[in-house]
Structure formats: C-alpha cells, structure tokens
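A short write-up of the structure that comes next.
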Amino acid sequence: MINGATKIVGVIGDPIEHSFSPTMFNAAFKSLKLNYVYVPFNVKKQDLSSAIAGAKALNIKGLNVTIPHKRKVLNEIDKFDVLANLIGAVNTIKFSSGKSYGYNTDCIGAVRAIEEVSKLKDKNVVIVGAGGAARAIAFQIAISNVNKLTIVNRSINKAKSLLYDIKTLLSANFKDNSKIDNISLDFSHIDLNFNHGGIESLHEYLKNADILIDTTPIGMHPNVNDKPVTTAKDMHPDLIVNDIVYNPQKTVLLKEAIKANATTISGLKMLLYQGAENFKIWTGVEAPIEIMENALLDKIK
Ligand code: NAP
C-alpha cells in the first residue's frame, strides 16, 4: 500500500512504456515488505535537467536512467563512481542529503551474468558491437583479468575508438577530479591484449574465443527472425554465448549456440543483475534475486 512514508524510485527515459523494470523492482519491494514504489517517468531530451532537479526537490530516492539520457545525465550529477566516469554513462542515480550520486551498473550486471557460468580470468572474450551497452561491458571486462579482449563492429572505426578509449582511460590519472568517487581503484596492473575488427571477421576470432557477447539489437522483438551475427558452424561446444537482448529470451543467436552445443546466457540475466545492484544501492539491502527473476520471466511470457 502506498502511504505517506512510501519512498519513490523509478526510471527516466524516452520511450519508457516497454520497460520491464517496474515489474522487477515492485515484486522485490513487495516480497521484502519495503515501503518503496518504482515508477516509470517519460522524460524528453530537453527536460532532463529539470527532471533531475525535480526528483531532488520531490525527495525521490533513486532513478534508473535509460535511452536517450545515459550519457547526458553526467552533466546533472554531483558525484559519480569511477566506473561511471570511465564508461561515460550513468544508468543509476541515488539521491541523498540533497546530492545526486551516479553509478553504472550495466557493466557489473553483464559480468555477473557471465560469472554465473564461468570465471573471466584468462579467457578470450569477443564482443560484437561498439555502442552504449558494449562500452559499459567492455570496460568491466577489461578490468576482469581476461587474457584477450576483441571488439568487432559493423562500423570498424567505432570498435577501434572504443578500444582506444579503454586503453587511454585505464591509464589516466583521476586524482584531481573532485566529482569522482572511489578514485583509489588502481588499474596500473592491467596489461591487456586488445584486438579489433569488422563484423565480417567474427568467425576468425571465434576459433580461439571462450566467450562471445553480442551487444547488437539483432533479433530483438519484433525482429525475432533477423540474421544473427554468426551461426552454429562457426561456434564450438566450449564457447559461452551471451546475447544481451532479453526479449525474446531465446534469440536467433542463442538458438544457433544451442545447435553448436555451446553454453548460452540470456540478456535477462544482465537486466536482473544490474537491477540487483541498483536495489542494493538504493535500499542498502541485498536484492531478492529469485523473486526478481521470476517476475521478469512472468512478464516476458
Ligand atoms: P547502440 O548504442 O545503438 O549500439 C548498437 C550497436 O549494435 C552498434 O555497435 C551498432 O553498430 C550495432 N548494430 C546495430 N544494428 C546492427 C546490425 N543490423 N548489424 C550489425 N551491427 C549492428 O545500442 P545499445 O544501447 O548498446 O543497446 C544494444 C542492445 O542491447 C539493445 O537491444 C538493448 O535493448 C540491449 N541492452 C540490454 C541490456 C540488458 O540489461 N540486457 C542493457 C542495455 C542494452 P554500428 O556502430 O555499426 O552502428
């Protein structure tokens, strides 16, 4: 029941009607009897600044941030986590004592989804795509002790520039920036074996890959019969294939992976684990993962 003491969290984006997050978070709050409610807010590009100021004024406790605001919102935040700064995007805000704190939990969500089935240490990882989601995931993979990180993309220059950004930013000195939290993170030990290429060279990189992460929207509802980025003939049974598209759960790419006896990870897991991180940031309580996952599965049905 909503009452005078209910704390409000939510998501800002445009469009927002398709969001699975209200279902996931409200199920979690209900199961733990926390007096919170999660609300979707449709915020147009030009209204971002006033929306953040308004959220502060209304004593909203936290917000998720989605397309098209993830990058622009950095200008509106008082302090952000070092990873959000590296990635250059914020997907979670916490409001506390009149200040806003920005985080990027997409990156942690994706890596946690993979770590559920395999360690990342010493693995050869291939990421397809170089957009917003790829950027968050690639940064987190880069600091996860992998052996090799390869990024392939339709526009090869974007793959190249993403790798360039990762390399330069990991070696940058943040100590002068008062807006960044958690600057004690030390990336100096990271000595990455990087590679990049066009999407047409994916089959070559897959020969020695342990993990393939597809961050393109290919196969996303309603385009469920799109041509996947690769097929079963170029996969091997030891490969782990993670498609971050979560609707449908079994995408065209994951169907190919199943044919090749590879291990599959649905995009629903990334959504779930980034949600679990947000839940903890806002409430200070561990998220009820199973409840949240069941709520997502019910919704997708
Ligand atoms: P984005 O910034 O627009 O990037 C899309 C990337 O996919 C670009 O690198 C683009 O290549 C590539 N691409 C698009 N269409 C392609 C095609 N037909 N063939 C080959 N490459 C293609 O999008 P985003 O924000 O990264 O999101 C990507 C997908 O991830 C969306 O489906 C989104 O729903 C999903 N997502 C899932 C989660 C989760 O929690 N599971 C979280 C975030 C995003 P070019 O550079 O050549 O244009």
Side-chain angles (χ1 to χ4, degrees), residues 11 13-21 23-25 64-73 84 87-92 103-114 116 126-141 150-163 165 196-203 212-231 241-254 264-279 287 289 292-293 296-297 299-300:
V11 55
D14 182 31
I16 204 64
E17 294 73 18
H18 66 285
S19 176
F20 280 32
S21 295
T23 308
M24 171 169 72
F25 285 106
N64 282 140
V65 182
T66 187
I67 291 170
H69 306 305
K70 280 188 186 182
R71 283 177 85 86
K72 278 272 167 56
V73 80
I87 294 161
V90 159
N91 76 324
T92 304
Y103 305 83
N104 191 305
T105 59
D106 278 338
C107 52
I108 302 162
V111 163
R112 212 172 141 190
I114 294 168
E116 205 178 64
V126 178
I127 294 178
V128 187
R135 198 173 166 86
I137 296 170
F139 269 100
Q140 188 72 34
I141 297 281
T150 302
I151 298 179
V152 301
N153 193 43
R154 180 173 62 181
S155 322
I156 192 165
N157 279 340
K158 271 168 78 181
K160 193 174 178 181
S161 87
L162 174 53
L163 281 184
D165 283 357
H196 75 275
I199 203 163
E200 66 290 344
S201 52
L202 176 59
H203 66 281
L212 165 67
I213 307 169
D214 184 4
T215 72
T216 70
I218 294 172
M220 185 167 71
H221 181 80
N223 306 313
V224 295
N225 294 320
D226 274 356
K227 188 168 168 279
V229 290
T230 186
T231 56
V241 181
N242 179 195
D243 193 336
I244 73 161
V245 165
Y246 56 81
N247 188 11
Q249 252 195 299
K250 211 180 275 178
T251 60
V252 270
L253 178 70
L254 294 188
T264 59
I265 305 172
S266 152
L268 214 63
K269 292 282 185 183
M270 173 176 167
L271 184 68
L272 173 68
Y273 287 125
Q274 61 84 28
E277 284 292 319
N278 304 340
F279 189 91
I289 300 275
M292 290 164 81
E293 186 165 22
L296 284 174
L297 290 171
K299 168 95 179 159
I300 212 163

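One-based numbering, in listed order, for ligands and for the atoms of each.
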Set of side chain to side chain contact (heavy atoms under 4.5 Å, CB included) partners for F20, sequence neighbours left out: Y246, N247, L271, L296, K299, I300
Residues which pass side chain to side chain contact (heavy atoms under 4.5 Å, CB included) with A89, listed by chain and number, not counting sequence neighbours: K70, R71, I87, N104
Take K250 and D243 through the test salt bridge (Lys or Arg N to Asp or Glu O under 4.0 Å) and record every step on the way to the result. CA-CA 9 Å; K250 211 180 275 178; D243 193 336; over 6 Å; no
Under 3.5 Å, is there a donor-acceptor pair between the T216 and D214 side chains? yes
Return the minimal non-hydrogen interatomic distance between G129 and T215, and the atom names on each side. CA-OG1, 3.5 Å
Can you work out which protein residues put a heavy atom within less than 4.0 Å of ligand 1? G129, A130, G131, G132, A133, N153, R154, S155, K158, I199, T215, T216, P217, I218, M220, I244, V245, Y246, G267, M270, L271
Pairing residues for D14 by the side chain to side chain donor-acceptor pair (under 3.5 Å) criterion, not counting sequence neighbours: N42, K44
